[in-house]
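Since we're looking at a predicted model, the values are computed, not measured.
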Amino acid sequence: MTIREIAKLADVSPGVVSRVINQDPSLRISTTTRQRIESIIKKIGYQRKTSRYEIVILLALSQKRVSQDPYFSDLLQNILIYCRQNNLKVAKTIWLPDNVALAQLDKLHGVLVIGPFTTAAIKRMKRISNAFVLVDDNTSVPKTNQVKSNFDQITNKILDDFIIDHRNRISFVGGSIERINQSGKTWNNLIDLRLSTYYEWSKKHTLVPDIINVGLTIEDGKKAAQYLLNRKKETNYSFPNGIIALNDLIARGLIATRSDQSFTCWN
């Protein structure tokens, strides 16, 4: 009996049956409905099929970085949930900054890559994989399946909203973005899409860019806030009435310092 037939007997969608079979923790159904589905599965002796496809997830980020960054931890968690729901077996998760050089990887059936990587590294990974998808890396590599971020659109929207709200002293707080090269080592040569968008937007609106490069952690966000405060005290510099933070961690550091220092100009 197929999942579709089980769904018909249980009066639910095939997707719900699949998620029950795969024990999807995000599925929200009543206890009665779940028990009805499980009872039918047990009665007919349905055996879950083994995965037809195995994939390896390669990350250009350390385990520590992913665990600390809500964006990347949510991204990875949702990828894993999708794999469970769609009969994809994640054979291995490789954190390249912590683990192994690309040269040591054997031929793989499928690879899901979470960037950023250098162009040379992406081309090398494509050669060792029968199926290849690049996620969250806006590097343009011909004939590559990519899921790109829309950080440029989001950044432009925030900046446009700042102007509408009469905020034209806008600072950008960020840090160096590390790529992984084909040797599996970090390579600091990536200009972040949010930073380049901010810079071009500032030029378009005849505003002087105010870029503060500190790093990518909560502590770096606190350092940036303290730097802005010190600069305000030491010069005639006008304190920004709008700040773009490159990531959530920096924003948390800025907000924490705002609370400590009683900033009143930030929303």
Side-chain angles (χ1 to χ4, degrees), residues 55-83 86 90 93-97 110-123 125-126 129 131-162 170-181 186-204 209 211-218 220-221 242-254:
I55 66 169
V56 170
I57 298 178
L58 297 178
L59 294 101
L61 306 149
S62 67
Q63 261 184 296
K64 181 179 179 181
R65 167 74 189 283
V66 172
S67 67
Q68 292 176 340
D69 192 318
Y71 174 80
F72 287 110
S73 60
D74 286 350
L75 176 62
L76 179 58
Q77 183 60 30
N78 281 291
I79 287 172
L80 294 174
I81 290 173
Y82 178 87
C83 289
N86 290 273
V90 179
T93 301
I94 300 175
W95 316 80
L96 279 169
V111 175
L112 184 65
V113 178
I114 302 176
F117 289 84
T118 63
T119 301
I122 293 169
K123 290 180 178 178
M125 286 185 286
K126 287 180 67 177
S129 172
F132 181 89
V133 179
L134 183 61
V135 180
D136 199 59
D137 187 333
N138 288 341
T139 303
S140 294
V141 181
K143 298 180 181 179
T144 300
N145 295 317
Q146 289 184 255
V147 180
K148 293 186 177 183
S149 69
N150 62 340
F151 287 147
D152 52 344
Q153 297 174 25
I154 294 171
T155 303
N156 273 313
K157 177 66 167 59
I158 293 171
L159 290 165
D160 289 341
D161 287 346
F162 276 162
I170 305 167
S171 298
F172 182 97
V173 180
S176 298
I177 302 294
E178 294 182 338
R179 288 181 174 186
I180 295 294
N181 63 20
T186 56
W187 190 264
N188 297 326
N189 69 338
L190 179 65
I191 297 176
D192 183 76
L193 182 60
R194 288 154 289 197
L195 173 57
S196 60
T197 300
Y198 163 79
Y199 184 79
E200 292 301 323
W201 183 93
S202 297
K203 288 201 303 181
K204 178 181 176 181
I211 299 169
I212 302 159
N213 281 313
V214 283
L216 303 174
T217 68
I218 293 175
D220 291 324
I243 295 178
I244 295 281
L246 186 144
N247 66 15
D248 294 334
L249 299 180
I250 294 172
R252 286 167 60 185
L254 290 165

Over all atoms of both residues, closest heavy-atom pair of [X] and [Y]:
{"X": "Ser149", "Y": "Asp136", "result": "CB-OD1, 3.8 Å"}
{"X": "Asp220", "Y": "Val214", "result": "O-CG2, 3.4 Å"}
{"X": "Asp74", "Y": "Asn78", "result": "O-ND2, 2.8 Å"}
{"X": "Gly221", "Y": "Leu254", "result": "O-CD2, 3.5 Å"}
{"X": "Ser171", "Y": "Tyr198", "result": "CA-OH, 3.9 Å"}
{"X": "Gly215", "Y": "Ile250", "result": "O-CD1, 3.2 Å"}

Could you tell me whether the side chain of [X] and the main chain of [Y] form a donor-acceptor pair under 3.5 Å?
{"X": "Arg194", "Y": "Phe151", "result": "no"}
{"X": "Asn247", "Y": "Leu216", "result": "yes"}
{"X": "Thr155", "Y": "Gln153", "result": "no"}

Going from [atom1] on [X] to [atom2] on [Y], what distance comes out if it is rounded to the nearest 0.5 angstrom?
{"X": "Ile154", "Y": "Ile158", "atom1": "CD1", "atom2": "CD1", "value": "7.0 Å"}
{"X": "Ile218", "Y": "Gln68", "atom1": "CD1", "atom2": "CD", "value": "7.5 Å"}
{"X": "Ile177", "Y": "Leu195", "atom1": "CD1", "atom2": "CG", "value": "9.0 Å"}
{"X": "Ile170", "Y": "Trp201", "atom1": "CD1", "atom2": "CH2", "value": "4.0 Å"}

Any side-chain heavy atom of [X] within less than 4.5 Å of one from [Y]?
{"X": "Ile243", "Y": "Val173", "result": "yes"}
{"X": "Ile55", "Y": "Val133", "result": "no"}
{"X": "Asp69", "Y": "Leu61", "result": "no"}

Apply side-chain contact (heavy atoms from CB on, under 4.5 Å) to Ile79 and Ile114, showing your working. CA-CA 10 Å; Ile79 287 172; Ile114 302 176; 3.8 Å; yes
Is there a side-chain contact (heavy atoms from CB on, under 4.5 Å) between Ile244 and Leu159? Walk through the geometry before answering. CA-CA 8 Å; Ile244 295 281; Leu159 290 165; 4.0 Å; yes
Decide if atom OH of Tyr82 counts as having more than 12 heavy atoms of other residues, nucleotides or ligands within a radius under 6.0 Å. no
One pair to check against side-chain contact (heavy atoms from CB on, under 4.5 Å): Trp95 and Val66. What are the steps and the verdict? CA-CA 10 Å; Trp95 316 80; Val66 172; 3.6 Å; yes
Passes side-chain contact (heavy atoms from CB on, under 4.5 Å), Leu246 versus Phe172? Steps please. CA-CA 7 Å; Leu246 186 144; Phe172 182 97; 4.0 Å; yes
Residue pairs passing the salt bridge (Lys or Arg N to Asp or Glu O under 4.0 Å) test where at least one lies in residues 146-161, sequence neighbours excluded: Lys157-Asp161
